[in-house]
Amino acid sequence: MTTTELADNETLIAGIIAALRTVHDPEIPVNIYDLGLIYRIEPKHDGLVEIDMTLTAPGCPVAGEMLSWVEKAVIEVGGIEKVAVQLVFDPPWDSSRMTDDVKLELGLL
């Protein structure tokens, strides 16, 4: 990748992260990015972005809905034409994946 392509990719990822921060876990009033539910963001050259995410608990009652919330938020980012969200459970999510700001907000620090 050229320096320009790297900068464009960083800008695109920053936009994707901003979009992900608009999606909140319904059980914990925190956005899914800072909660640590997003494991991978990989933009592709054809306008596709692949996202691996998990849930705070495998039996989450809104699992299917949350995937569509992520897709709807990210598709609004300029340059994104398709979003492929994959639900993964390895490694399992735990509170160590949260940002320090979220841990502080939830009284865990």
Side-chain angles (χ1 to χ4, degrees):
M1 257 189 207
T2 67
T3 305
T4 302
E5 288 174 325
L6 283 174
D8 289 347
N9 201 46
E10 287 178 18
T11 301
L12 183 61
I13 290 173
I16 293 167
I17 290 170
L20 291 169
R21 284 188 166 131
T22 69
V23 179
H24 289 75
D25 185 291
E27 296 177 339
I28 304 171
V30 175
N31 74 74
I32 61 170
Y33 186 82
D34 292 333
L35 198 53
L37 298 181
I38 302 300
Y39 286 1
R40 180 178 70 95
I41 300 169
E42 188 172 335
K44 302 293 187 173
H45 288 290
D46 55 359
L48 167 68
V49 64
E50 295 176 351
I51 298 174
D52 289 351
M53 69 171 289
T54 195
L55 304 170
T56 55
C60 177
V62 295
E65 290 175 68
M66 195 176 295
L67 297 179
S68 67
W69 298 340
V70 168
E71 184 178 337
K72 287 176 185 171
V74 174
I75 200 76
E76 296 299 319
V77 176
I80 301 295
E81 295 180 27
K82 185 170 185 255
V83 182
V85 184
Q86 180 175 338
L87 192 57
V88 297
F89 292 103
D90 188 28
W93 179 87
D94 65 48
S95 61
S96 70
R97 299 189 65 86
M98 291 188 240
T99 64
D100 286 343
D101 287 342
V102 169
K103 289 178 187 176
L104 187 62
E105 181 180 331
L106 296 175
L108 301 174
L109 277 184

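Rounded to the nearest 0.5 angstrom, L87 CG and L67 CG are separated by 5.0 Å. Remark: K82 NZ to K44 NZ distance equals 12.5 Å, nearest 0.5 Å. Rounded to the nearest 0.5 angstrom, E27 CD and T56 OG1 are separated by 5.5 Å. Rounding to the nearest 0.5 Å gives a distance of 11.5 Å between CD of Q86 and CD of E42. Atom CD1 in I38 sits 9.0 Å away from atom CG in N31 (nearest 0.5 Å). Note that CZ of F89 and CG of D52 are 12.0 Å apart. Values are rounded to the nearest 0.5 Å.
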After noting the C-alpha distance and the side-chain angles of V85 and V83, does the key distance pass the side chain to side chain contact (heavy atoms under 4.5 Å, CB included) rule?
CA-CA 6 Å; V85 184; V83 182; 3.7 Å; yes

So R40 and I51, side chain to side chain contact (heavy atoms under 4.5 Å, CB included) or not? Walk me through it.
CA-CA 5 Å; R40 180 178 70 95; I51 298 174; over 6 Å; no

Walk me through whether E81 and L48 qualify under side chain to side chain contact (heavy atoms under 4.5 Å, CB included).
CA-CA 6 Å; E81 295 180 27; L48 167 68; over 6 Å; no

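Here the side chains of P43 and E50 are not in contact, with every heavy-atom distance at 4.5 Å or above. Between W69 and V74, the closest side-chain pair of non-hydrogen atoms is not below 4.5 Å.
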Output side-chain donor-acceptor pairs under 3.5 Å for residues 97-108, partner residues at least two apart or in another chain, one line each.
residue: R97; atom: NE; partner: G36; partner atom: O; Å: 3.2
residue: T99; atom: OG1; partner: V102; partner atom: N; Å: 3.3

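The two residues G15 and V77 have their closest heavy-atom pair at O-CG2, 3.5 Å.
The backbone N or O of V88 sits less than 3.5 Å from a side-chain atom of T54, completing a donor-acceptor pair. Put simply, the side chain of W93 gets close to the backbone of L35: a donor and an acceptor are under 3.5 Å apart.
Partners of D90 by side-chain contact (heavy atoms from CB on, under 4.5 Å), not counting sequence neighbours, listed by chain and number: P92.
Screening D25, V23, L55 for a side chain to side chain contact (heavy atoms under 4.5 Å, CB included) with L37, the sole residue that qualifies is D25.
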